[in-house]
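This report refers to the structure that appears directly beneath it.
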Amino acid sequence: MMKITGLFLLVLILASVALAQTKQPKTVRDFFNLLPQKYFTLEGCEPAKDKNCDKARKEYIETFLETEDTANGYWKSGCDGAQSCLTMALFKRLNGTYIVAIQTEFEMGSDNYFLEYKGGKWFDISTQVIPNFSKKNYYELPQKGTTIEVFKKKTVDTDMTEKGAKLYDLVWNAGKFSIKK
């Protein structure tokens, strides 16, 4: 009986440790602190010396953070010549998880991603959750409300793009996006 009780306690402890390690982030800062270089490059990060780029993240926040609106799940931070700008907006699903919308802007243009953080890993789910998702579009993320304005990317120079003509709105309702013209 003692062996079974000890084994049961060990299983409970291991399960609680595993659960704590995969705790889901809830705020824009939580998600920013976990965001990998693949989606947002921190120019000052040296992964060999700076685990998870924590030092570079702290410096980036001190230098570039413009808006951290936790209540609305919104983040906006600036940039300079080498460092990209970042905008994030959280969209809460009916099951309590989030779609993390990311926009990075840099000297030559911008990129958008719609991500999911699950089990300690990031997944790009843009094509699964955004109707007609295209890297040729510019997705303007809202600070207030849940409507994303979608614009065509306009080529200004051979390698440079900017926001062009408005195409439609993406409306978040009942845990999913739909197109509204």
Side-chain angles (χ1 to χ4, degrees), residues 22-43 45 52-53 56-57 60-61 63-79 83-154 160-181:
T22 60
K23 184 180 175 200
Q24 282 297 108
K26 301 264 187 237
T27 67
V28 283
R29 185 169 296 240
D30 291 345
F31 285 106
F32 174 77
N33 285 332
L34 295 169
L35 196 60
Q37 293 272 70
K38 177 180 180 179
Y39 301 111
F40 179 66
T41 303
L42 288 159
E43 291 302 323
C45 178
N52 191 42
C53 301
R57 283 177 205 283
Y60 177 80
I61 290 168
T63 305
F64 295 111
L65 181 61
E66 295 173 9
T67 306
E68 182 179 7
D69 184 346
T70 303
N72 288 305
Y74 180 83
W75 173 289
K76 183 165 183 63
S77 46
C79 47
Q83 178 62 62
S84 298
C85 298
L86 175 68
T87 304
M88 291 181 8
L90 303 181
F91 295 88
K92 193 170 187 177
R93 293 175 166 150
L94 299 175
N95 67 3
T97 63
Y98 293 90
I99 293 173
V100 182
I102 305 260
Q103 180 181 63
T104 57
E105 294 182 271
F106 43 91
E107 190 175 357
M108 303 302 275
S110 66
D111 287 322
N112 285 92
Y113 303 98
F114 293 84
L115 307 172
E116 175 179 54
Y117 184 78
K118 188 162 93 177
K121 295 181 181 175
W122 287 92
F123 300 92
D124 184 345
I125 57 170
S126 303
T127 57
Q128 289 115 10
V129 297
I130 302 298
N132 302 327
F133 178 79
S134 173
K135 295 223 176 252
K136 294 178 181 178
N137 291 343
Y138 179 95
Y139 297 84
E140 193 166 282
L141 305 177
Q143 179 175 351
K144 297 195 182 200
T146 56
T147 299
I148 297 172
E149 292 183 287
V150 182
F151 299 85
K152 191 79 178 156
K153 281 185 183 175
K154 178 172 74 172
M160 193 180 322
T161 62
E162 63 182 33
K163 183 168 65 171
K166 184 170 180 180
L167 299 172
Y168 51 85
D169 289 333
L170 280 174
V171 178
W172 178 254
N173 189 17
K176 67 179 198 167
F177 288 103
S178 59
I179 294 174
K180 179 182 174 192
K181 293 199 178 204

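If you're wondering where the values come from, they're calculated on a predicted model, not measured in any experiment.
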Check your understanding: Does atom NZ of Lys135 have more than 12 heavy-atom neighbours, drawn from other residues, nucleotides or ligands, at distances under 6.0 Å?
Key -> yes
Review point. Is the CD atom of Glu107 crowded by more than 12 outside heavy atoms at less than 6.0 Å?
Key: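 Atom CD in Glu107 is not packed in, count stays at 12 or less.
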How far does [atom1] of [X] sit from [atom2] of [Y], to the nearest 0.5 angstrom?
X: Arg57; Y: Cys45; atom1: CZ; atom2: SG; result: 7.5 Å
X: Glu162; Y: Lys152; atom1: CD; atom2: NZ; result: 14.5 Å
X: Trp75; Y: Thr70; atom1: CH2; atom2: OG1; result: 9.0 Å
X: Phe177; Y: Ile130; atom1: CZ; atom2: CD1; result: 4.5 Å
X: Gln103; Y: Ser84; atom1: CD; atom2: OG; result: 11.0 Å
X: Leu90; Y: Leu141; atom1: CG; atom2: CG; result: 10.5 Å

Looking at [X] and [Y], what are the two nearest heavy atoms and their distance?
X: Asn137; Y: Leu167; result: OD1-CD1, 3.4 Å
X: Pro25; Y: Leu34; result: CG-CD1, 3.7 Å
X: Glu105; Y: Ser110; result: CG-CB, 3.9 Å
X: Lys118; Y: Gln24; result: CA-OE1, 4.1 Å
X: Pro131; Y: Leu170; result: CD-CD2, 3.8 Å
X: Gly78; Y: Glu66; result: CA-OE2, 3.3 Å

Review point. Hey, what's the ring geometry for Phe40 with Phe32, parallel, tilted or perpendicular (30° and 60° as the breaks)?
Key: tilted
Given 3.5 Å as the limit, does a donor-acceptor pair link the side chain of [X] with the main chain of [Y], or not?
X: Gln83; Y: Leu42; answer: no
X: Asn52; Y: Asn33; answer: yes
X: Tyr139; Y: Ser134; answer: yes

Check your understanding: Hey, is Lys163 close enough to Glu149 for a salt bridge, meaning N to O under 4.0 Å?
Key ->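 Salt bridge: no.
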Check your understanding: Given Tyr117, which of Tyr39, Tyr98, Trp122 fulfils the ring-ring contact (aromatic ring centres under 6.0 Å, His included) condition?
Key ->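 Only one of Tyr39, Tyr98, Trp122 forms a ring-ring contact (aromatic ring centres under 6.0 Å, His included) with Tyr117, namely Trp122.
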Using side-chain heavy atoms (C-beta onward) and a distance below 4.5 Å, is [X] in contact with [Y]?
X: Tyr74; Y: Lys144; result: no
X: Pro142; Y: Thr147; result: no
X: Ile99; Y: Glu116; result: no
X: Leu115; Y: Leu35; result: yes

Review point. Quick one: side chain to side chain donor-acceptor pair (under 3.5 Å) pairs with a partner in residues 168-181, sequence neighbours left out?
Key: Lys166-Asp169
Check your understanding: Is it true that the side chains of Asp69 and Thr67 contain a donor and an acceptor less than 3.5 Å apart?
Key ->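 No donor-acceptor contact under 3.5 Å links the two side chains.
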Practice item. Under the salt bridge (Lys or Arg N to Asp or Glu O under 4.0 Å) rule, collect the residues that match up with Glu68, sequence neighbours excluded. Key: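 If we apply the salt bridge (Lys or Arg N to Asp or Glu O under 4.0 Å) test to Glu68, skipping adjacent residues, the hits are Arg29.
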Review point. Are Phe114 and Phe91 near enough that their ring centres are under 6.0 Å apart?
Key: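 Centroid separation for Phe114 and Phe91: 6.0 Å or greater.
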